[in-house]
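Each remark here refers to the structure printed beneath this line.
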Amino acid sequence: MDDEDDPIVEEIPVFLSKNLQDNLYLFQYPTKTELLNHDNAVIVNCCVKPFTQEVKVDFALNIESKHFDRFKGEQFAVAADGKNNLANATLKGSERPTYKRGIMDKQAFTSTRSLTDISKYVVGIYTDKEMHLSPLASIVQLRPSLNYFDKEDKRRKAEQKAQSEDLDDEEVAQQVTVKFARGTGAGAAAKKSKEQRGSYDKFVQRIVDEPWCESYWHARDTPTAELERQKLYSTNHQSNQSLSLPPSEYLCKLLPHDEHVQQVDTANVVPVYNKAMLKTLPLLDQLRVLLKDAKILSFSDVLQILTEHIDPHVSADKVLALLPQVGILLHGNWVPKSEVVYPEKILSHANGVSAEQMIRARDYILYRFSRTPFLYRNQIMTATQLPPAETLDVLSTVARVNSTKRWELLLPPDKEFEQKHVELVQRQELHWRATEQFYNEMDWAKETKRVRKRSTRKSESQQQTTMTMPPPTAHLSTEA
C-alpha cells in the first residue's frame, strides 16, 4: 500500500500514568439499557473486598414514585428480613437487616470479574491533543443481586429443620457398611477428585469469608472525584523508559508473545476493510461491505459514498443493477441480504445459534417490516424461537427501539425512490408474495399453540363441572 493512499493525518503523543494502576476499576453494567442511566443515581452504600476484587453497590429506589409498588416492596422486605427482624437484630446482635425501613428502598448490585487477564487493557483520556493511558487493576461487571430470595429460602429451611428435630428427638440406629479403597485404580482417582473438589470448596469458602469493607462513594461532580480524576493524567516527572529501547525490543514489550494464547477460529472472524482496501475490490464486493457495515442505506447515500470515497467515475445504472444481488429493497431503502450478514458456518456469540436459523429469523423480520412499520420483540421471539440475545442481535441489524419501546426501521421510507423505480418495487413485492405462505405458517403455528392451551383449560373446567353436578334422574325421583 502506498503512503499516498493512506497519509498520516496527525501525530498524537501518548503518555502512561501509573498513579492509579493498583486501584483503578472499570465497572460494566450488562443489564443497563440505553434508557436507564446510573450517572445521577443515589448511592446508599458501597462495599469492597480488596483481595478477591469484588464490589457491591446499593442504588436507592424512589419509593414515592407512582411506578413503585409499595405492597410488593414490603413483601420483598419481609422475605429478606422476616417480620419484626429489625427489633430482633437489635436485641440479639444478629445479622443486620437488609431493609431497615421495612420496605425495599434500594437495589443491590454485586460484581463478577469479566476477565482474568487485564494486562492488555487500559483507560485513556484524550485532552489538549495528548493521550494519557492508565493501567487497570480489574474489570468487573455489576448485576442486580437477588439475595433476599436466598435469605427467605434459608430461613424457611431452618424452620422446617427445627420442626423436624422436635418430632424426631430419638436417634434411630442404622447399619453402616464400610468399604476401604485401594491406593490405585478407581479409588485413587476418586480420592484425587475429592481432594480437588475440597480445594475448590476451600477457595470458594475463602471468598465468602472475606468481610466486606465499607467505602465512600463520591459522585462524579464532587471535588474528591475531580482530584482522583486528575491522577489519570501523566505528570512530567514520570519518565518513559520504553522510548529509549530499540524498535525490536519496544515491539516485544508492546506486543509480548504469549504461548498460551488461544487460537481463534478464522471461520468466525469477520474481516474489516478500510477505504484503501475497498478500492481494490470489485464493485459487487464494495456494495456488500457497505451494506453490511451501514445496515441500511438509501440509494443516494450508496452512490454518494462510492463517488466521493471510492470511485468517482462509477455509474449509477451499474450500481442499481448490482444492488439486488447483495441487498433487499425495503420501503425504498437497501438492506443487506441475510446471507451477507450471517455467512455460512458462523455461530452467534451468545448461545451458538447456527447461521441458518439466524438467516431464517432475519428474513422473517424483513418480511414483517415490509407489511407493518413496527414490531415487538416478544412476538419475534415467539415466532422465530430464538433466544433473547439472538433476537436482539437480529433486530439490531435493521431496526432500533423508539420511545414507545417498539422496533422501527433505522431509516424512514424513501418514497421518491419507489416512485422512480416502480419495476424494482414490483419485483421485490413478487418475492414477498412467493414467501408469504412460509412466514404466515410461522405465525399460524404460534397461534395454534395458544389456542390449544386455551382449549385444554376449557375442557378441564367442563369436566370438573360435569363431575360436580348431580344427575337429573336422582332429582326427579326425590320429587316423586
Side-chain angles (χ1 to χ4, degrees), residues 1-30 32 34 37-41 43 46 48-55 57 109 111-142 213 215-262 264 269-270 272-277 293:
M1 184 184 300
D2 298 334
D3 294 337
E4 297 179 357
D5 297 336
D6 193 11
I8 298 176
V9 179
E10 185 179 359
E11 292 186 359
I12 301 174
V14 180
F15 300 93
L16 182 64
S17 174
K18 298 182 179 181
N19 298 323
L20 298 174
Q21 63 177 352
D22 297 330
N23 301 311
L24 186 58
Y25 284 62
L26 177 63
F27 287 1
Q28 297 176 340
Y29 297 89
K32 174 183 174 182
E34 296 179 358
N37 198 330
H38 295 310
D39 293 339
N40 300 323
I43 308 300
C46 179
V48 180
K49 289 185 177 182
F51 296 102
T52 57
Q53 295 182 341
E54 292 186 10
V55 182
V57 182
F109 279 69
S111 68
T112 56
R113 297 185 64 179
S114 57
L115 293 174
T116 56
D117 184 14
I118 49 99
S119 59
K120 299 180 181 179
Y121 297 89
V122 294
V123 172
I125 294 183
Y126 180 74
T127 179
D128 297 334
K129 295 184 178 182
E130 294 179 351
M131 178 65 72
H132 296 262
L133 305 179
S134 300
L136 289 170
S138 180
I139 300 177
V140 296
Q141 293 183 349
L142 292 174
C213 300
S215 58
Y216 292 99
W217 181 283
H218 299 277
R220 58 184 306 174
D221 298 331
T222 58
T224 305
E226 182 62 30
L227 290 175
E228 292 296 320
R229 196 179 296 113
Q230 292 299 322
K231 296 181 181 179
L232 296 174
Y233 297 94
S234 175
T235 59
N236 297 328
H237 302 287
Q238 295 177 349
S239 61
N240 196 342
Q241 300 178 357
S242 300
L243 297 178
S244 61
L245 296 175
S248 58
E249 296 183 11
Y250 176 73
L251 183 62
C252 292
K253 283 184 171 294
L254 187 64
L255 299 174
H257 177 70
D258 191 357
E259 298 179 354
H260 302 287
V261 174
Q262 184 179 2
V264 180
V269 177
V270 180
V272 179
Y273 298 93
N274 54 23
K275 186 169 65 174
M277 296 175 64
D293 291 346

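Nothing fancy with the numbering, it's 1 onward along the sequence.
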Across all chains, not counting sequence neighbours, the side-chain contact (heavy atoms from CB on, under 4.5 Å) partners of Thr52 are Lys49, Glu54, Ile207, Glu210

Looking at [atom1] of [X] and [atom2] of [Y], how far apart are the two atoms once the value is rounded to the nearest 0.5 Å?
{"X": "Tyr25", "Y": "Ile118", "atom1": "OH", "atom2": "CD1", "value": "9.5 Å"}
{"X": "Leu16", "Y": "Met131", "atom1": "CG", "atom2": "CE", "value": "12.5 Å"}
{"X": "Asp22", "Y": "Leu136", "atom1": "CG", "atom2": "CG", "value": "11.5 Å"}
{"X": "Ser234", "Y": "Lys18", "atom1": "OG", "atom2": "NZ", "value": "10.0 Å"}
{"X": "Lys231", "Y": "Asn23", "atom1": "NZ", "atom2": "CG", "value": "8.0 Å"}

Validation row: [X], [Y] side chains within 4.5 angstrom (heavy atoms):
{"X": "Ser111", "Y": "Leu142", "value": "yes"}
{"X": "Pro223", "Y": "Glu226", "value": "no"}
{"X": "Leu133", "Y": "Phe15", "value": "no"}
{"X": "Ser138", "Y": "Arg113", "value": "yes"}
{"X": "Val140", "Y": "Thr112", "value": "no"}
{"X": "Leu232", "Y": "Ser17", "value": "no"}
{"X": "His218", "Y": "Tyr216", "value": "yes"}
{"X": "Leu20", "Y": "Pro135", "value": "no"}

Looking only at heavy atoms, the pair that brings Gln53 and Ala137 closest together is NE2-O, 3.6 Å

Sequence neighbours left out, cut at 3.5 Å: what donor-acceptor pairs do the side chains of residues 121-130 make with other protein atoms?
residue	atom	partner	partner atom	Å
Glu130	OE1	His132	NE2	3.2

Anything under 30° is parallel, anything over 60° is perpendicular, the rest tilted; go ahead and classify Tyr29 against Phe27.
perpendicular

For atom CD of Glu11, is the number of surrounding heavy atoms from other residues, nucleotides or ligands below 6.0 Å larger than 12?
no

